[in-house]
Amino acid sequence: MKRIAFAFACLALLQDAAAGPLRDPFARPALPPRAQPAAEPADEAQLAAQAAAQPAPRLRALMVTPGRALANINGQILAAGEWFGDYQLIKVEERGVTLKKRGMTSVLLLDESRK
């Protein structure tokens, strides 16, 4: 009698688990929509206001494989050629990335001392 009750309890649990959609544990999480580069502001006051509103890019992680290289900048996962606000990711290397903003190139290095 106990075995039958146990079997029905297991069946009930399995039905509850099967009722929900299955999720691929290896799927990349959905990314927020990418911001396109804004139009060039007319004066320096607008430039300063935009620079203050956008957080400075911080390189959090890198993944470099023979077929693909990705960078995590401020929580956004990017590949070369993609945009982060006004910055375009130019190159991903093992220790850092190269960004371009309004013709100016800068390099962000991975800070390995923070763990």
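Values in this document were obtained by computation on a predicted structure and should not be read as measured data.
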If I compare all heavy atoms of [X] with all of [Y], which pair ends up nearest, and what's the gap?
| X | Y | result |
| --- | --- | --- |
| Gln76 | Trp83 | NE2-O, 3.7 Å |
| Gly96 | Leu59 | CA-CD2, 3.9 Å |
| Val92 | Ala71 | CG2-CB, 4.3 Å |

* To do: Step by step, work out the side-chain contact (heavy atoms from CB on, under 4.5 Å) result for Leu89 and Phe84.
  => CA-CA 7 Å; Leu89 182 61; Phe84 169 74; over 6 Å; no
* side chain to side chain contact (heavy atoms under 4.5 Å, CB included), paired with Leu62, selected from Asn72, Leu70, Val97, Ile73 -> Val97
* May I ask you to list the residues sharing a hydrophobic cluster with Val107, side-chain cutoff 4.5 Å, ordered by chain and number? => Leu109
* I would like to know whether Asp86 and Lys101 meet side-chain contact (heavy atoms from CB on, under 4.5 Å); could you show each step before the answer? => CA-CA 6 Å; Asp86 290 341; Lys101 179 180 179 181; 3.8 Å; yes
* Under the side-chain contact (heavy atoms from CB on, under 4.5 Å) rule, what do Thr105 and Ile90 come out as? Steps first, then yes or no, please. => CA-CA 9 Å; Thr105 303; Ile90 302 300; 5.7 Å; no
* Structure fact -> Rounding to 0.5 Å, atoms CD (Gln88) and OG1 (Thr98) come to a distance of 11.5 Å
* How would you list, by chain and number, every residue that makes a salt bridge (charged side-chain N to carboxylate O under 4.0 Å, His left out) with Lys91, sequence neighbours excluded? -> Glu93
